[in-house]
Asker: 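Pasting in a structure now, in structure tokens, and then I'll have a few things to ask.
Residue numbers begin at 1 in each chain, while the letters A, B, ... track the order of the sequences.
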Amino acid sequence: MMKPENIDIKDLEKEQIRLSSKINLKDKIPPQKVKLVAGVDVTFTNIWTNPTTSIACITVFDIDTFELKDIVYAEKKIDFPYIPTFLAYRELPVILEAYKKLKIKPDVFLIDGQGILHPRMMGIASHFGVVTDEVSVGVAKSKLVGNFKEPENKKFSAKPIYIDKQLRGYAVRTRKNSKPLFISPGNNISVDSAVKVAIRSIKGDYKLPEPIRTAHNSLQEYRKNLLKKKYKS
DNA sequence: GCGACAG
DNA sequence: ATCTTGTCGC
């Protein structure tokens with residue numbers, strides 16, 4: 001997809017660098033005290049067109065009982081294409097709309113994408129965390145930047161990922177025979193705690209943390225019903 | 001110049 | 001990120 005001429009990448013890079021100075025990599029809450037964990041995911045009615053309609057879902061789980069405590073959705077027309085390292089400019093607007101609808105305040109937000117495992121430390125999880133000042137963690141299904149050694153093929157094997165000699169996150173195999181997840185802090189949390197919280201949010205033998213898994217599944221249903229409704233009218 | 005590149 | 005069925009490895 002061509003990037004429109006009216007998007008000034010240099011300006012967006014400057015904004016990312018400015019926002020990155022606000023990232024806090026210290027724990028705002030001890031990982032053992034975390035109880036309410038949110039999962040954030042986004043989909044689109046049509047990924048091949050611009051503009052398109054973005055849809056966000058945020059779930060909130062009690063991580064001790066894996067009970068769903070809250071679930072909210074939001075829809076928003078978006079006119080920004082997917083450009084690697086600028087994902088937040090496409091997906092954050094609709095996420096913030098869903099965020100406003102939450103009735104309870106989660107301790108941590110797990111977001112589908114990178115945190116500081118990003119060239120300018122501003123993956124979508126960090127961007128969300130800085131803008132809202134919430135505790136956030138990036139949970140990505142594939143790599144954006146950084147090199148890592150392949151974790152052994154057993155549940156919860158992990159390898160550190162360094163960028164510029166700095167520990168930025170971990171490649172974590174959350175399931176045997178599954179590709180690792182790329183976990184990094186978004187904001188207001190340390191690298192180690194980010195991994196601890198994400199792992200503690202995994203139910204049974206699923207690959208993804210339950211809040212994200214449920215948000216993703218719920219979005220599939222929501223989108224299907226939305227397209228059905230649009231087709232009728 | 002070439003390849004890599006979250007969702 | 002969407003669409004889709006069977007199939008393979010625990």
Asker: Could you say whether A/Asn153 or A/Thr43 is positioned toward the 5' end of DNA chain C, judged by the nucleotide with the nearest heavy atom to each?
Answerer: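 It is A/Thr43 whose nearest nucleotide is closer to the 5' end.
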Asker: For DNA chain B, note the earliest and the latest nucleotide, 5' to 3', having some atom under 4.0 Å of a heavy atom belonging to chain A.
Answerer: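 So the outermost contacting nucleotides come out as B/dC5 to B/dG7.
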Asker: Salt bridge or not for A/Asp205 and A/Lys176, using N-O below 4.0 Å?
Answerer: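 Salt bridge absent between A/Asp205 and A/Lys176.
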Asker: Expressed as a whole number of angstroms, how long is the span from A/Lys207:NZ to C/dC10:C1'?
Answerer: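 To the nearest whole Å, that distance equals 15 Å.
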Asker: Look at the rings of A/Phe182 and A/Phe148 and say which category their plane angle falls in: under 30° parallel, 30 to 60° tilted, over 60° perpendicular.
Answerer: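 It falls in the perpendicular class, over 60°.
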Asker: How would you label the contact of A/Gln114 with the nucleic acid (heavy atoms, under 4.0 Å): base, sugar-phosphate, or nothing?
Answerer: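 Contact class for A/Gln114: base.
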Asker: Across the strands shown, which category fits A/Leu117 at heavy-atom distances under 4.0 angstrom: base, sugar-phosphate, nothing?
Answerer: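 It contacts nothing in the nucleic acid.
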Asker: Would you say A/Lys224 reaches C/dT2's phosphate, i.e. side-chain N/O to OP1/OP2 under 4.0 Å?
Answerer: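 Result: no.
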Asker: Establish, for the pair A/Arg175 and A/Phe156, whether the NZ or CZ atom is under 6.0 angstrom from the six-membered ring centre and no further than 45 degrees off its axis.
Answerer: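 Because its charged atom misses either the 6.0 Å distance or the 45° angle limit, A/Arg175 does not stack over A/Phe156.
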Asker: Taking CG from A/Leu219 and C1' from C/dC3, how many angstroms apart are they, rounded to a whole number?
Answerer: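 So the CG-C1' distance, A/Leu219 to C/dC3, works out to 17 Å.
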Asker: Over how many whole Å does the gap from A/Arg175 atom CZ to C/dC10 atom C1' extend?
Answerer: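 About 8 Å, once rounded to whole Å.
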Asker: Pick the closest DNA chain C nucleotide for A/Asp41 and for A/Asn177 by heavy atoms, then say which residue is nearer the 5' end.
Answerer: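 Whichever sits nearer the 5' end wins; that is A/Asp41.
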Asker: At under 4.0 Å between heavy atoms, what does A/Phe86 touch on the DNA or RNA strands: base, sugar-phosphate, or nothing?
Answerer: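 A/Phe86: base contact, heavy atoms under 4.0 Å.
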Asker: With a non-hydrogen cut-off below 4.0 angstrom, is A/Asp112 in contact with a base, only sugar-phosphate, or nothing?
Answerer: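 Sugar-phosphate, backbone atoms only, no base.
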Asker: For A/Ser157 and A/Pro151, work out which heavy atoms get closest and say how close.
Answerer: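 Answer, listing the atom of A/Ser157 first, then A/Pro151: O-CB, 3.6 Å.
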Asker: Tell me: CH2 of A/Trp48 to P of C/dT2, nearest whole Å?
Answerer: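 The answer, rounded to whole Å, is 11 Å.
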Asker: Using OP1 and OP2 only, check whether a side-chain N or O of A/Gln220 sits under 4.0 Å from C/dA1.
Answerer: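 Looking at the OP1 and OP2 atoms of C/dA1, neither is under 4.0 Å from any side-chain N or O of A/Gln220.
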Asker: Using the ring of A/Tyr206 (Phe, Tyr or Trp, six-membered ring only), decide whether A/Arg213 places NZ or CZ under 6.0 Å from its centre and within 45 degrees of its axis.
Answerer: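 Judged by the rule (NZ or CZ under 6.0 Å from the ring centre, within 45° of its axis), A/Arg213 counts as positioned above A/Tyr206.
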Asker: Is A/Glu67 paired with A/Lys69 through a side-chain N to carboxylate O contact shorter than 4.0 Å?
Answerer: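 A salt bridge is present here (some side-chain N lies under 4.0 Å from a carboxylate O).
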Asker: Could you tell me if the ring centre of A/Tyr99 sits under 6.0 Å from that of A/Phe109?
Answerer: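 Yes, they do, as the ring centres are separated by less than 6.0 Å.
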